[in-house]
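Okay, so here's the structure we're looking at.
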Amino acid sequence: MYWKVIMKDIKNSWEKAISKAIAAYALSLNIKSDDLLTTRIMIQTPPKPELGDFAVPLFPFSKILRKSPHIIAADIKNIIEKLENKPPGYVTADGPYLNIRADIVGLAENLWKEIGTVQSAYGNNTSMCDQKVMIEFSCPNTNKPLHLGHLRNDTIGESIAAIIGANGADVYKVNLINDRGIHICKSMLAYMKFGNETTPESENVKSDHFVGKYYVEYNNWAKSSPNAEKEAQELLVKWENGDKDTIDLWSRMNTWAINGIFETYKRTGISFDKLYYESKTYTLGKDLVLQGLKDGVFYKEIDDSIWIDLEEIGLDKKVLLRSDGTSLYLTQDLGTAVSRHKDLPFNKLIYVVGSEQQYHFKVLFYVLKKLGLSWADNLHHLSYGMVNLPDGKMKSREGTVVDADDLIETLSDMAKQEIISKNREDSVGDLSETSSAIARAALNYYLLQVNPAKDMIFNPAESIAFNGNTGPYLQYMGARISSMLRKFALTQKDNSMTVAFDPSLLKLQVEHSLLKHIMMFPETVEQAGRELNPTNIAVYLYDLSRMYSRYYHDHQILRAGSDELIYARVVLSKMVLQVLRNAFSLIGIPFLESM
RNA sequence: GUAGCCAUAGCUCAGUUGGAUAGAGCAUUAGAUUGCGGAUCUAAAGGCCGGAGGUUCGAAUCCUCUUGGCUACACCA
């Protein structure tokens with residue numbers, strides 16, 4: 001049995017020690033103040049690693065103790081040094097700061113045991129272990145293939161699911177497929193007019209693109225056909241009345257669209273625990289509204305439409321049921337939320353949906369609360385910004401929308417060219433599999449490196465670049481360490497090297513920093529979960545990689561002086577590699593042994 | 001018009017309980033390889049953190065105002 005290394009515990013023990021020292025100091029100065037109890041000791045990170053592992057600014061105590069923070073720092077340092085239960089490590093006073101150098105290396109052995117034992121579970125924690133979380137994302141329309149905007153949604157959803165899962169939550173990923181409505185009828189109508197019974201197979205086109213082609217064709221045709229909209233409406237009525245031919249065509253085209261979309265999911269590593277179809281849920285919610293009317297939280301207009309007054313949340317009035325008694329988007333969402341809570345009594349439901357729908361979710365959550373549903377407080381709209389291109393916005397009308405499949409194809413080709421130009425075809429195993437894994441890393445990392453709340457500009461060439469802050473760079477780091485460890489395994493066999501891990505040999509500042517960074521991973525996972533922000537993981541990962549890169553460049557590992565030093569550095573490298581792998585899995589970067 | 005979000009280096013982005021000299025990458029310039037994968041590493045240069053006030057010992061971070069951009073405000077989804 002070993003003592004599990006938890007960075008928080010280390011911080012806590014120091015916080016306690018400092019707190020004790022300050023109390024003793026105040027006593028010696030004959031100062032009694034309640035402020036002393038309420039003023040929190042802040043454990044921060046110093047700007048440079050040479051200064052220490054943790055820093056505590058003493059400004060807040062200056063007023064209470066009536067001394068300059070410089071003097072306080074120096075005095076407290078002396079008191080701590082004489083403390084009986086001083087945590088391992090040492091303290092320096094640098095100006096108004098107390099800097100702490102923790103005994104990181106002393107913990108390295110336990111860290112290694114822990115990582116060696118739990119492996120892919122290192123970083124996991126229990127901060128959300130009592131939570132059942134449902135997360136909805138993607139939600140494609142079945143009239144066209146996915147585009148770059150969907151890819152941001154998908155990767156955020158998948159990553160958040162992985163992150164909160166690592167925090168111990170029971171995660172349930174759902175997708176609501178928008179497979180009905182006027183837009184679907186439009187592509188059907190175009191197919192009826194211009195399709196000539198062709199199929200994706202007969203035309204040799206990916207099936208969702210085949211359907212998308214007719215949606216485009218409808219729009220072209222509609223420009224010169226004043227009756228287009230009306231015809232589409234009539235088709236929708238037929239569909240709602242269950243007209244056999246209409247339903248047949250609808251289901252044939254939907255199968256095409258959905259199969260194609262799921263091929264794309266497979267390529268990008270997206271999956272779901274449950275699929276909901278709008279065609280099956282769109283009537284839900286009506287009863288809910290009628291019940292709300294009975295309970296007096298909604299009201300009826302003269303024309304029989306049902307409304308809610310949103311004055312309480314500073315908004316206008318909103319219609320919930322049309323005068324003809326039919327549902328709206330909002331009504332449907334009310335119904336699906338309730339039926340989902342019946343399917344899985346979640347503590348929390350996260351909707352990954354673009355920021356343009358903030359108003360919708362504000363209203364949705366308010367209405368659910370008005371209906372008296374206790375869980376309505378635990379709904380969350382994870383809103384993300386738009387993806388633009390270097391030369392402007394994506395506009396479907398101007399044909400500047402970046403198709404998801406095309407983009408992945410392009411990125412894969414670029415990766416493939418790079419592998420070929422480096423003459424590494426024979427070393428990478430399956431060439432096309434490897435290049436598509438690199439493409440995925442490029443795409444996901446680029447999309448997740450930007451805070452979801454912000455609009456972003458996607459530059460394809462920049463994303464696939466093998467230099468700089470990119471997914472492929474991170475993969476390369478992993479492949480390089482893997483390659484080195486393979487070599488080590490061979491020499492170990494030859495020499496039958498049998499030495500123990502002696503962390504005290506890791507004397508370099510960069511080794512200390514690497515160990516500390518590895519120890520901070522669980523906290524980073526926790527923070528990313530708390531903030532629902534994968535960017536934290538991306539930033540952490542890049543920092544770790546860069547740190548290791550420099551180490552690897554400046555110091556020999558397999559040719560270090562002694563067997564003992566070689567092994568110590570190999571263990572450090574193994575730990576870095578494990579953390580890389582674990583972090584990769586949280587942000588959709590495939591791990592490659594070789595690339 | 002009303003509300004919400006955003007504004008950090010030439011470009012793309014980090015930067016949370018307010019703390020030390022605001023950080024990366026790209027591009028530019030100058031370097032490093034008798035090395036475990038150079039798809040690498042080092043360095044230089046590059047900043048009125050949109051602007052103005054305020055709170056504070058201390059503000060990119062909090063508050064107010066202001067400018068600019070995006071989005072939403074359908075008996076569409």
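Only this structure's heavy atoms are used, side chains among them; waters, hydrogens and symmetry mates stay out. Chain letters run A, B, ... following the sequence lines, proteins first and then strands; every chain starts at 1.
For A/R550, a side-chain nitrogen or oxygen approaches OP1 or OP2 of B/U42 to under 4.0 Å. At the phosphate of B/C57, OP1 or OP2 sits under 4.0 Å from a side-chain N or O atom of A/K63. The phosphate of B/U71 has OP1 or OP2 within less than 4.0 Å of a side-chain N or O from A/K393. A close approach under 4.0 Å does occur between a side-chain nitrogen or oxygen of A/S549 and OP1 or OP2 of B/C41. Taking 4.0 angstrom as the limit, A/Y384 places none of its side-chain polar atoms (N or O) nearer than this to OP1 or OP2 of B/C70. Listed pair A/K454 / B/A7 meets the phosphate criterion, a side-chain N or O lying under 4.0 Å from OP1 or OP2. Residue A/R546 places no side-chain N or O under 4.0 Å from the OP1 or OP2 atom of B/C41.
In this structure, the nucleotide among B/A77, B/U21, B/U71 sitting nearest to the side chain of A/K48 is B/U21. Minimum atom distance to the side chain of A/M386 is reached by B/U71, of the listed B/U71, B/G35, B/A77. Comparing B/A39, B/G25, B/A14 against the side chain of A/T535 picks out B/A14 as the nearest. For A/F59, the listed nucleotide lying nearest its side chain is B/C57; candidates were B/G37, B/C57, B/C41. Set against B/A39, B/U71, B/U12, the side chain of A/E356 has B/U71 as its closest nucleotide. The side chain of A/E462 lies closest to B/U12, out of B/U12, B/A20, B/G19. When each of B/A20, B/A77, B/G38 is scored by its nearest atom to the side-chain atoms of A/L51, the top-ranked nucleotide is B/A20. Candidate nucleotides B/G25, B/G38, B/A77 were compared by shortest atom distance to the side chain of A/Q357, and B/A77 ranks first. Between B/A72, B/G38, B/A77, one nucleotide has an atom nearer to the side chain of A/Q332 than all others, and that is B/A77. Considering only side-chain atoms of A/I557, the nucleotide from B/U12, B/C36, B/C13 that sits closest is B/C36.
Regarding A/Y540, its OH atom lies at a distance of 17 Å from the C1' atom of B/A24, rounded to whole Å. Distance A/D179 CG to B/A77 P: 14 Å, rounded to the nearest Å. A/L330 places its CG atom 14 Å from the C1' atom of B/C73, with the value rounded to the nearest Å. Rounded to an integer number of Å, the gap from A/D543 CG to B/A14 P is 14 Å. In this structure, the CZ atom of A/R569 is 17 Å from the P atom of B/G35, given to the nearest Å. Distance, A/K318 NZ to B/A3 C1': 14 Å, rounded to whole Å. In this structure, CG of A/L310 is placed 18 Å from P of B/A72, rounded to the nearest angstrom. Spacing between atom CD1 of A/I419 and atom P of B/G37 amounts to 17 Å, rounded to whole angstrom units.
One C1' atom belongs to B/A22, the other to B/U2, and the distance between them is 36 Å to the nearest Å. Taking the C1' atoms as reference points, B/U21 lies 25 Å from B/A27, given to the whole Å. Going from the C1' atom of B/C5 to that of B/A43 covers 39 Å, rounded to whole Å. Distance check on atom C1': B/G25 versus B/C63 gives 34 Å, rounded to whole Å. Annotation: B/C11 and B/A7 have their P atoms spaced 15 Å apart (nearest Å). A gap of 22 Å separates the P atoms of B/G19 and B/G53, to the nearest Å. Comparing the C1' positions of B/U8 and B/C49 gives a spacing of 4 Å, expressed to the nearest Å.
For A/F361 and A/Y366, the ring centers are positioned 6.0 Å apart or more. Aromatic pair A/W250/A/Y277: centroids not less than 6.0 angstrom apart. Between A/F466 and A/Y473, the ring center distance fails the sub-6.0 Å criterion.
Here A/M456 lies in heavy-atom contact (under 4.0 Å) with sugar-phosphate atoms only. A/Y552 comes within 4.0 angstrom of a base, heavy atoms only. Nucleic acid contact for A/E278: sugar-phosphate only, since backbone atoms but no base atoms lie under 4.0 Å from a heavy atom of the residue. Residue A/T470 is out of contact with every strand shown, counting any heavy-atom pair closer than 4.0 Å. Across all strands, A/P69 comes closer than 4.0 Å to no nucleic acid atom at all (heavy-atom distances).
In this structure, A/F365 and A/Y351 have tilted ring planes: the angle between them lies in the 30° to 60° band. The aromatic rings of A/H360 and A/Y329 sit parallel, their planes meeting at an angle under 30°, below the 60° perpendicular limit. Taking the six-membered ring where the residue is Trp, A/Y551 and A/Y548 present perpendicular rings, their angle passing 60° and hence far from 30°.
Residue-to-nucleotide contacts include a donor-acceptor pair under 3.5 Å from the side chain of A/Q556 to the base of B/G35. At a cut-off of 3.5 angstrom, counting only N and O atoms as typed in the model, there is a donor on one side and an acceptor on the other between the side-chain of A/N99 and the base of B/A20.
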Q. Do A/N254 and A/T142 pass the side-chain hydrogen bond (donor to acceptor under 3.5 Å, both in side chains) test, and can you show the C-alpha distance, the side-chain angles, and the key distance before you say yes or no?
A. CA-CA 6 Å; A/N254 261 336; A/T142 57; 2.6 Å; yes
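You can call A/Y97 stacked on the base of B/A20; the centres are under 5.5 Å apart and the planes sit within 30°.
A distance-only check finds a donor-acceptor pair linking the side chain of A/Q475 to the backbone of A/P590 [under 3.5 Å].
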